[in-house]
Amino acid sequence: MRTAFGSLTTATMGLLLACSGGDGDATDGSTGDPPGATHDATTDEPTSATTDATTDTPTGTATDPSASTVTITDPATDSSGTGDPTGDPGPLVEPGDPGPADVTFTIRADSDRRPIRKHIYGSNQPGDLAGLGLVRQGGNRMTAYNWENNASNAGSDYMHQNDDFLESTLKVDGSIPGEVVRAPARQALDAGADVLVTVPICGYVAADKDGGGDVSQTPNYLQTRFHPTIAAKGAAFADPPDPSDGKVYQDEFVAWLKGRLPDAFAGEQARILFSMDNEPDLWASTHPRIHPDHVGYAELAQKNRDFARAVKAVAPNAIVTGLVSYGFAGYQNLQDAPDAAGNAIDYYLAQMKQADDEAGLRLVDVLDLHWYTEVHAAGQRITGEDTSPDSVAARVQAPRSLWDPSFHEDSWIANDALQGPIQLIPWLRAKIAANYPGTAIGFTEYNYGGGGHISGGIAQADVLGIFGREGVAVGAYWSLGGASSYIDAAFRVFVDFDGHGGRFGDTSIQAVTSDVEKTSVYASVDAAAPGRTVLVAINKTGGPLTAAVTLAAYADYADVEVWQLGEGGPALASVPGPALADTNAFLLAMPAYSVSVVVPKE
């Protein structure tokens with residue numbers, strides 16, 4: 001199978017299995033529970049399992065982190081990230097009249113310009129994709145990953161067992177420290193994708209690969225089967241690390257990785273990103289052997305503060321993503337945190353702002369969240385594979401909850417928690433503005449279901465378009481199993497629509513549809529080539545539609561090329577483009593349930 005890495009090698013397959021922990025991270029795609037529900041796990045672990053192991057000695061730094069830091073901000077609020085052309089784009093050509101149609105698409109290259117981050121085109125399980133921007137190595141198994149010996153424990157995903165799953169799946173030499181991360185990261189980097197690496201901050205990592213089932217069968221297992229994960233060593237790094245010291249230092253890991261992949265840390269922004277663990281609001285249920293109690297607000301903020309600072313001390317140009325909440329109930333109160341006081345995201349952001357002020361540099365660059373739609377139709381979550389008419393209709397509308405103030409989805413989040421539209425990205429942006437200005441937004445797990453059906457392809461294409469238009473910084477699709485052919489096709493819409501590297505542009509521009517329920521439209525140009533316009537147009541209905549398209553552009557177009565994805569299969573087909581009816585104006589025919597890539601040509 002062909003992937004963003006070329007052929008689907010064992011290393012690549014191992015990477016995606018590492019993400020899923022060998023069993024699954026969120027097998028039901030949960031983004032949270034309605035009020036009163038719980039994720040508690042009954043355990044008999046000692047209370048010492050929650051001992052904070054974030055620091056060993058006073059924080060030591062390998063370099064002065066304030067000397068060179070990466071800057072990544074939300075393009076919606078960053079006045080420097082305007083997406084303006086790099087040179088004089090020439091005169092703007094105003095469009096003529098395309099004639100009557102079912103809907104209108106109004107495109108303007110001089111309005112709503114915003115850079116599109118390559119990291120939104122990311123995946124946790126890369127499939128048949130070309131041009132991938134990001135690969136995430138995350139999931140439950142990485143919470144207890146020990147980089148010194150490549151041991152891990154997937155928690156409740158797989159028997160709470162310490163084992164060699166990662167190295168055996170990757171078929172790498174597990175005796176080499178960090179090889180489980182280095183090998184697939186090297187492959188992704190060579191293919192042009194950046195890599196999001198998980199930093200374990202929960203408290204403990206697996207000390208051995210002995211298998212044998214649940215570690216709780218071992219007396220004093222926490223002391224004998226695990227090692228504390230420590231943010232900063234406070235002493236000279238060892239290479240190779242000392243496996244006999246009983247501690248695993250994460251700043252030493254970053255330094256080791258930087259030494260093995262020096263090209264990935266060169267330049268203004270490192271190509272290795274670091275995530276502050278995975279779904280801490282569920283540690284009590286996914287990893288009760290090392291964290292049986294619900295994580296608290298103060299505890300999680302302190303862990304993020306310590307580990308992010310340790311990462312930045314070694315790799316100041318690396319992007320750090322933080323919080324990594326599993327879903328909406330986590331956003332609200334970290335799934336019933338014992339010290340919950342107000343909204344969890346508000347608290348987290350305010351604490352990170354305070355940490356920045358004290359450290360004299362930005363520690364967390366991206367607010368990292370997971371989002372699995374809670375919409376139900378036909379008696380089930382639409383994150384599954386059901387393609388009944390009700391599920392299809394709900395699935396193609398569901399992405400509107402990311403932004404649309406007029407859309408009220410049928411879910412417990414909208415109906416009960418908010419009692420109105422979700423507007424997730426604007427909601428988050430307001431929290432950031434109030435508590436931690438300049439922080440970018442990321443969704444490192446998400447899924448809308450229907451991966452083998454055009455409805456799943458439409459939802460995925462819609463999400464990618466929204467991410468680009470709304471200035472999301474990081475995105476990584478998470479497969480919940482089942483078919484993914486239309487998900488792969490939706491990625492190709494943006495990163496390889498013609499099979500020869502044809503991509504959506506690097507700058508989002510204004511694109512407005514007259515009917516957001518029936519259609520979506522996204523438009524882009526290239527900052528270095530402002531006359532190159534690429535549109536993505538989506539028909540979310542079961543019947544054909546004609547769109548009257550007008551383009552105010554930095555070019556006078558003579559022709560239009562079109563590629564379409566539809567119900568007939570997951571391949572993008574080149575189809576005859578429309579004739580221009582007037583200057584930069586034409587009628588676009590969109591088949592039922594389809595995604596069209598439209599490229600005007602001079």
Side-chain angles (χ1 to χ4, degrees), residues 31-32 54 65 69-79 81 117 196 199 201 231 273-282 294-312 318-371 402-403 413 417-418 422-445 467 470-475:
T31 54
T54 56
T69 59
V70 64
T71 299
I72 177 171
T73 58
D74 178 359
T77 59
D78 175 24
S79 59
R117 312 293 189 188
L196 178 58
V199 176
I201 72 171
L273 299 75
F274 295 95
S275 168
M276 297 292 97
D277 215 294
N278 178 72
E279 300 185 343
D281 24 16
L282 293 184
H294 286 284
V295 72
Y297 279 25
E299 175 195 357
L300 184 59
Q302 188 64 51
K303 287 179 182 293
N304 271 251
R305 178 192 308 243
D306 292 339
F307 283 86
R309 185 163 187 172
V311 170
K312 292 284 190 176
I319 292 171
V320 171
T321 77
L323 189 58
V324 203
S325 173
Y326 85 105
F328 197 79
Y331 306 172
Q332 298 290 76
N333 59 21
L334 292 184
Q335 192 70 24
D336 300 321
D339 59 348
N343 180 269
I345 290 178
D346 287 336
Y347 178 91
Y348 175 82
L349 292 170
Q351 289 296 304
M352 292 305 101
K353 175 62 167 64
Q354 180 179 328
D356 282 10
D357 292 343
E358 294 170 357
L361 74 156
R362 176 171 278 274
L363 299 179
V364 173
D365 304 289
V366 179
L367 176 64
D368 186 341
L369 304 173
H370 296 171
W371 181 254
L402 291 172
W403 68 276
I413 299 174
L418 297 179
I422 295 174
Q423 302 179 76
L424 183 58
I425 294 173
W427 182 72
L428 294 171
R429 191 173 287 133
K431 292 183 175 300
I432 288 169
N435 295 287
Y436 195 13
T439 306
I441 297 170
F443 297 100
T444 58
E445 291 185 20
F467 283 179
E470 298 295 323
V472 171
V474 178

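Only heavy atoms go into these numbers, but all of them, side chains included; no hydrogens, no water, no symmetry mates.
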Any idea which heavy atoms bring [X] and [Y] closest together, and the distance?
| X | Y | result |
| --- | --- | --- |
| Glu279 | Glu445 | OE2-OE1, 3.6 Å |
| Ala473 | Ala440 | CB-CB, 3.5 Å |
| Val295 | Glu299 | CG2-OE1, 3.5 Å |
| Ala308 | Met276 | N-SD, 3.6 Å |
| Ala231 | Ala310 | O-CB, 3.2 Å |
| Leu402 | Pro426 | O-CD, 3.4 Å |

So, [X] side chain and [Y] main chain: donor-acceptor pair closer than 3.5 Å or not?
| X | Y | value |
| --- | --- | --- |
| Asp339 | Tyr297 | yes |
| Asp356 | Leu363 | yes |
| Tyr326 | Asp281 | no |

[atom1]-[atom2] distance between [X] and [Y], expressed to the nearest 0.5 angstrom:
| X | Y | atom1 | atom2 | answer |
| --- | --- | --- | --- | --- |
| Asn304 | Arg309 | CG | CZ | 14.5 Å |
| Arg305 | Leu300 | CZ | CG | 11.5 Å |
| Ile319 | Leu273 | CD1 | CG | 4.5 Å |
| Thr439 | Arg429 | OG1 | CZ | 12.5 Å |
| Ile345 | Leu369 | CD1 | CG | 5.0 Å |
| Ile432 | Ile441 | CD1 | CD1 | 4.0 Å |

Could you walk me through whether Tyr348 and Val364 satisfy the side-chain contact (heavy atoms from CB on, under 4.5 Å) test, starting with their C-alpha distance in whole Å, then the side-chain angles of each, then the deciding distance to 0.1 Å, before giving a yes or no? CA-CA 11 Å; Tyr348 175 82; Val364 173; 3.6 Å; yes
Mark yes when over 12 heavy atoms from residues, nucleotides or ligands other than Lys353 sit less than 6.0 Å from its NZ; otherwise mark no.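 It does not: Lys353 NZ has 12 such atoms or fewer within range.
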As a test of understanding, state which of Trp371, Trp403, Phe328 forms a ring pair (Phe, Tyr, Trp, His ring centres under 6.0 Å) with Trp427. Phe328
With a 4.0 Å cut-off on N to O distance, would you call Lys312 and Asp365 a salt bridge?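 So Lys312 pairs with Asp365 through a salt bridge.
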No-hydrogen, no-angle side-chain donor-acceptor test under 3.5 Å, Asn343 and Tyr331: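 No, Tyr331 and Asn343 have no side-chain donor paired with an acceptor closer than 3.5 Å.
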Go through the steps for Leu418 and Ile413 under the test side-chain contact (heavy atoms from CB on, under 4.5 Å), then give the verdict. CA-CA 6 Å; Leu418 297 179; Ile413 299 174; 4.2 Å; yes
Contacts of Thr444 meeting side-chain hydrogen bond (donor to acceptor under 3.5 Å, both in side chains) (sequence neighbours excluded), chain-then-number -> Asp368, His370
Has Arg117 got its NZ or CZ under 6.0 Å from the middle of the six-membered ring of Phe467, at an angle within 45 degrees of the ring axis?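 Judged by the rule, Arg117 and Phe467 form no cation-pi pair.
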Validation row: Val199, Val311 side chains within 4.5 angstrom (heavy atoms):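 Heavy-atom side-chain distance check passes, below 4.5 Å.
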